[in-house]
There are 2 protein chains.
Amino acid sequence: MTKATAPLTKGSSGSADEEALREAALEAADRLFYAKGVQGVGMDELRTASGISLKRLYRLFPSKDAIVEQVLLGRHRKWTEGVATAVARETQPRERLLAVYDFLASWFTEEDFRGCAFINSFGELGGTSPRVAEIVRSHKDDFQKYLSGLTAEIGAPPSLAPQLAILAEGAQTTAAISGSAEPARQARAAAEVLIDSALSRR
Amino acid sequence: MTKATAPLTKGSSGSADEEALREAALEAADRLFYAKGVQGVGMDELRTASGISLKRLYRLFPSKDAIVEQVLLGRHRKWTEGVATAVARETQPRERLLAVYDFLASWFTEEDFRGCAFINSFGELGGTSPRVAEIVRSHKDDFQKYLSGLTAEIGAPPSLAPQLAILAEGAQTTAAISGSAEPARQARAAAEVLIDSALSRR
DNA sequence: GATTGCAGAGAACGATCGTTCTCTGGTTGC
DNA sequence: GCAACCAGAGAACGATCGTTCTCTGCAATC
């Protein structure tokens, strides 16, 4: 009864399994780290949650730090994708910009929402882990550059993008701490004013 | 602070010393926690940094958690004071509001600036420590209420205060991560637009 | 069928965590 | 002078951390 699956050559078939396991491990790690903080989750807890033995975890990743790094990089990919998808649904440049805040609003209503994982990680580890600090910095830089592209679409001055970014960051932390999705709407309303003001002064 | 002599009415003999020690311990704890995260600092490190023996530390405070709590409450006092002082220097209501962002700007240039301790603590411990989450929440709530008072001075609609708060929060995290004080000026510029827009629509 | 290799489960390791206890030496009260 | 007490330094404690190792049993190879 143990021969039912994967009777192929094991040399190359293990790689696909490995990738699936890696993915499962990262998913569990992401969920745990996000909910309880990186240092609040031990490798044993990750083992239990993922169902992957410690030995295997350490064959998939060289260290916990590497898992943290991969989790953050995965979050970066998902965030970038999510924002881009939300923006792509709109055609008018102004609406495309505001779509960012609608994306935030729907994210904030997820029941396990606990703020921006990058801000959280920076607060916890930014002072002691240069690698984490670097990843967070480049994530935020990426977002600013993305906003710059969107503001350029409407011909707004370059000073608008950082202001809109600050609104987004503030909405994330405020929503996390207050436990409400309202900051997304408040930030959106503020963004409208800033955008319109920038456009009228163009 | 210049205190000449220990007041007799403050407490029994030895209490003044204890209070000074408690203050010194909290000062060291604040500096270390802020720089390296709460969980990144052990009690042994706090002992070394403060020069206060473990035995004494545990007579001054019942646990590390209590120290964390006191550090946060102390930060809250200092923040509230600092903002109020900066605001009090201005007389015109609009300038009083903007003084908040000038206060941020000068804070951001401090060399050991590493963001808002409350946001950082929330990211690290908010998911596991209800007490920390509560303190952070009430600190941010306090700030919002303070801003509400300032916006009421200029007769702006109540919707303005949360927007200005979001700008301040975003400026703090963005400045921390980017390592620049620029976000304070950007937030200030955005606040001006929001304030003037709110006033013209009044 | 014997041998080899590798998987999983979890015990074990050294380090460090928050917290407590022991030991020592000096001060105080009589 | 002597007993009682208390402060300080740091060892010790149990728990837990990230990481590695051992043990066991199964599967594949000659």
Side-chain angles (χ1 to χ4, degrees), chain A residues 1-22 24-26 28-30 32-33 35-72 121 124-125 127-129 131-132, chain B residues 12-22 24-26 28-29 32-33 35-72 121 124-125 127-129 131-132:
Chain A
M1 68 182 289
T2 54
K3 285 287 287 181
T5 57
L8 289 182
T9 63
K10 72 168 151 186
S12 59
S13 76
S15 175
D17 282 0
E18 238 185 44
E19 206 48 50
L21 276 178
R22 202 188 308 268
L26 289 177
D30 181 79
L32 291 173
F33 290 167
K36 313 168 74 166
V38 171
Q39 294 175 121
V41 178
M43 290 298 290
D44 226 57
E45 188 171 359
L46 177 55
R47 182 194 78 137
T48 303
S50 67
I52 302 171
S53 71
L54 278 178
K55 188 178 180 181
R56 191 149 223 180
L57 280 174
Y58 275 94
R59 190 146 30 83
L60 293 171
F61 305 94
S63 67
K64 186 188 181 186
D65 284 350
I67 298 179
V68 172
E69 176 174 336
Q70 290 303 312
V71 163
L72 287 178
S121 300
E124 180 177 359
L125 304 168
T128 53
S129 161
R131 182 71 184 126
V132 167
Chain B
S12 57
S13 68
S15 169
D17 282 359
E18 237 185 43
E19 206 49 50
L21 275 179
R22 202 188 307 268
L26 288 176
L32 290 173
F33 291 166
K36 313 168 74 166
V38 172
Q39 293 174 125
V41 178
M43 290 298 290
D44 225 57
E45 188 172 357
L46 176 56
R47 180 194 77 138
T48 304
S50 67
I52 301 170
S53 72
L54 279 177
K55 188 176 180 182
R56 192 150 222 180
L57 279 174
Y58 275 94
R59 191 146 30 82
L60 293 170
F61 306 95
S63 67
K64 185 188 181 185
D65 284 351
I67 298 179
V68 172
E69 177 175 335
Q70 289 304 312
V71 162
L72 287 178
S121 299
E124 180 178 357
L125 303 169
T128 53
S129 162
R131 182 69 185 126
V132 167

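Residue numbers start from 1 in every chain, and the chains themselves are labelled A, B, ... in the order their sequence lines are given, proteins ahead of strands.
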Next item on the list: Whole angstrom is fine here: how far is it from CG in A/L21 over to P in C/dG8?
Entry: 8 Å
Checklist line | Nearest-nucleotide pick for A/S53, side chain only, options being C/dG8, D/dT19, D/dG10 | finding: C/dG8
Check: Between D/dC17 atom P and A/E45 atom CD, what is the distance in whole Å?
Finding: 8 Å
Notebook entry, point to check: Could you give the distance from CE (A/M43) to CD1 (A/I67), rounded to the nearest 0.5 Å?
Noted result: 4.0 Å
Item checked: OP1 or OP2 of C/dA7 under 4.0 Å from side-chain N/O of A/R56 -> no
Check: How close or far is atom C1' of D/dT20 from atom CZ of A/R59, stated in whole angstroms?
Finding: 13 Å
Check: Between D/dT16 atom C1' and A/Q39 atom CD, what is the distance in whole Å?
Finding: 13 Å
Next item on the list: Calculate the interatomic distance between A/M43 atom CE and D/dC17 atom C1'; express it in whole Å.
Entry: 11 Å
Notebook entry, point to check: With respect to the phosphate group of C/dG18, does any side-chain polar atom (N or O) of B/K64 fall under 4.0 Å of OP1 or OP2?
Noted result: yes
Item checked: Criterion side chain to side chain contact (heavy atoms under 4.5 Å, CB included) on A/L26 and A/F61, from CA distance to verdict -> CA-CA 10 Å; A/L26 289 177; A/F61 305 94; 3.7 Å; yes
Notebook entry, point to check: Is there a donor-acceptor pair under 3.5 Å between the side chain of A/E69 and the backbone N or O of A/R131?
Noted result: no
Next item on the list: Give the rounded distance in Å between these two atoms: CG of B/D44 and C1' of D/dA12.
Entry: 13 Å
Check: Would a 4.5 Å heavy-atom cut-off, applied to side chains only, mark A/Q70 and A/R22 as touching?
Finding: no
Check: Whole-Å distance between C/dG18 P and B/F61 CZ?
Finding: 15 Å
Notebook entry, point to check: What is the distance from CG of B/D65 to C1' of C/dG18, rounded to the nearest Å?
Noted result: 9 Å
Note to self: Starting the side chain at C-beta, find the nucleotide from D/dT19, D/dG10, C/dG18 nearest to B/K55.
What the structure shows: D/dG10
